[in-house]
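The structure displayed is predicted, hence computed values, not measured ones. Numbered from 1 within each chain, the chains take letters A, B, ... in sequence-line order.
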There are 2 protein chains.
Amino acid sequence: MTTDLDDRNRRADAQRNRAAILDGTVTCLSVNPRASMAEIAQAAGIGRVTLYGHFSSRRELLEAVVEQTMHEAEAQLAPLDLGGDPRAALDLLIRSSWRIIDKLHGLMAAAEQELGADRIRDHHDRTLHRVRGLIERGQAEGAFRSDQSSSWITACFFAILHGASGEIRAGRLSDRDAATAIPSTIQAIVSVPAGDAVDVGKA
Amino acid sequence: MTTDLDDRNRRADAQRNRAAILDGTVTCLSVNPRASMAEIAQAAGIGRVTLYGHFSSRRELLEAVVEQTMHEAEAQLAPLDLGGDPRAALDLLIRSSWRIIDKLHGLMAAAEQELGADRIRDHHDRTLHRVRGLIERGQAEGAFRSDQSSSWITACFFAILHGASGEIRAGRLSDRDAATAIPSTIQAIVSVPAGDAVDVGKA
DNA sequence: ATCAATTCAAACACTGATGTACGACTTAGG
DNA sequence: CCTAAGTCGTACATCAGTGTTTGAATTGAT
């Protein structure tokens, strides 16, 4: 994007403000996904006009925030070693993911209304593929159930994470409990059901 | 409410229109949760002013629609016999629930923004208690896992149902597949995990 | 047939949000 | 210290949605 070149040329305070905006938008929208540009500006500690100086429309702002956020998330998840035992890898992925998803819940809701679900999915896709890839490997190795599509199991993975996020926000689930409940439930989802032909042992 | 008395006294066409409004609102909001009063009126096949004649504010309309919808849902779920084997009862409950939840997805989204999540939960509570009650019975009888709180398992139940609803709407899951995948996955969630002390046999 | 209830479209005031324009002020950086 | 870049508040135009009013036209009920 043009961003790289711009950043170098811009004055220090402008760069600082841009960062503050991106940051403030996330925290602001996670509290209230319908927050106005005025509220976002206030959350970022700057004037509304200055906000428009950096992003000429709400849409442009959302787009930038989503992109940066996805980039950050990717940076946290990419270095994970998801090789080895699929169960352990899945656990690792969950532990690294659920706080991110919790934090991003509001942002996604806001972005979905403004950018459309498809636009989100574009950004979401890498994370999605990572999860599905792992699940498919687990299925191939016989560690995960194969009687359901990887697509469905992946959807369940995200459904549980989002559900947990909601429970936490509603105060019905503590961070501590979430950390054990989520992995345990997802393991149950991917496991080969009791009655099936269990063909453990690497394929 | 005053509704009961009013309905008798009102003219036939007014009653017809009121029903059309309630009906149109659901279908309209399930397509677009942010639909305006004008769009809702159009969907109901009446003029915008007439809409305001029946419901003096958007909030009042939403309230009425949510109440009626919940009432209908309750009417479908209340007669179910959830006694006997908890697993079978859960399956029955799922089969009766998931289409309802799918249909109501948009309505809930709209209502949540307008009425606040708490207001929704008030209406949602009966359904929620029904599910949790069943889960707790299953836990007491040893049919369901007891190492996780009934509150969490209930949340997972709804998370899966909502997730499935999203997958269907996105075209990644067919109605047919959903009908088998959902029960199967929820059974996996409630089941006692393999490593545990399995104390089957009615308590 | 008549009367009251109901509907309708068009117009109105009001609100809240978006995006722009301006001139004064502050700050980074040479 | 000087200048250009950046910020600020205020004010403005615009737009979309809400809720109201009005007066004429339909329509149900008796």
Calculate the interatomic distance between [X] atom [atom1] and [N] atom [atom2]; express it in whole Å.
| X | N | atom1 | atom2 | value |
| --- | --- | --- | --- | --- |
| B/L62 | D/dG17 | CG | C1' | 14 Å |
| A/N17 | D/dC8 | CG | C1' | 11 Å |
| A/R11 | D/dA5 | CZ | C1' | 4 Å |
| A/R18 | D/dT7 | CZ | P | 12 Å |
| B/F55 | D/dG19 | CZ | P | 13 Å |
| A/N9 | D/dA5 | CG | C1' | 12 Å |
| A/D13 | D/dT7 | CG | C1' | 8 Å |

Taking only residues two or more places apart in sequence or in another chain, which ones pass side-chain hydrogen bond (donor to acceptor under 3.5 Å, both in side chains) with B/R172?
->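 Applying side-chain hydrogen bond (donor to acceptor under 3.5 Å, both in side chains) to B/R172 gives B/E167.
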
Under-4.0 Å salt bridge between [X] and [Y]:
| X | Y | result |
| --- | --- | --- |
| B/R119 | B/E112 | no |
| B/D147 | B/R145 | yes |
| B/D85 | B/R87 | no |
| A/E39 | A/R48 | no |

Assign A/R16 to base, sugar-phosphate, or nothing according to its heavy-atom contacts below 4.0 angstrom with the strands shown.
->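 The answer is sugar-phosphate, as A/R16 gets under 4.0 Å only of primed atoms, P, OP1 or OP2.
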
Would you find a donor on one side and an acceptor on the other, under 3.5 Å apart, between the side chain of [X] and the backbone of [Y]?
| X | Y | result |
| --- | --- | --- |
| A/T154 | A/S150 | yes |
| A/Q15 | A/R10 | yes |
| B/S149 | B/W152 | yes |
| B/Q148 | A/A181 | yes |

Closest nucleotide of DNA chain D for B/R59 versus for A/L51: which of these residues is on the 5' side?
->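 Nearer the 5' end of the strand: A/L51.
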
For B/S56, check side chain to side chain contact (heavy atoms under 4.5 Å, CB included) against everything at least two apart and list the hits.
->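 With neighbours one apart ignored, the set is B/E60.
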
Nucleotides bounding contact with chain A, strand DNA chain C, heavy-atom threshold 4.0 Å |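 On DNA chain C, the outermost contacted nucleotides are C/dA17 to C/dG29.
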
What is the distance from atom CD1 of A/I160 to atom CD1 of A/I189, rounded to the nearest 0.5 Å?
->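 One gets 4.0 Å once the value is rounded to the nearest 0.5 Å.
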
Atom CD1 in A/I182, atom OG in A/S165: separation rounded to 0.5 Å?
->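 The CD1 atom of A/I182 sits 8.5 Å away from the OG atom of A/S165.
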
Map B/T50 and A/Y52 onto DNA chain C by nearest heavy atom, then report which one ends up closer to the 5' terminus.
->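 With B/T50 and A/Y52 compared, the 5'-side residue is B/T50.
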
Please list each protein N or O that sits under 3.5 Å from an N or O in nucleotides 10-12 of chain D, with the distance.
none

Search all heavy atoms of A/W98 against all heavy atoms of A/D175 and return the closest pair with its distance.
->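 For A/W98 and A/D175, the tightest heavy-atom pair comes out as CH2-O, 3.9 Å.
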
Inter-end axis angle, the helix from C/dA1-D/dT30 to C/dG30-D/dC1, with every axis fitted to five base pairs (rounded, 10 degrees) |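 Rounded value for the end-axis angle: 30°.
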
Indicate yes or no: at least one non-hydrogen side-chain atom of A/P193 is less than 4.5 angstrom from one of B/Q187.
->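 The answer is no, as the side chains (C-beta and beyond) never meet within the 4.5 Å cut-off.
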
Residues of residues 29-46 of chain A with any non-hydrogen atom less than 4.0 angstrom from an atom of DNA chain C: list those, numerically ordered, please.
->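 Going residue by residue through residues 29-46 of chain A, the ones with a heavy atom under 4.0 Å of DNA chain C turn out to be A/S36, A/M37.
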
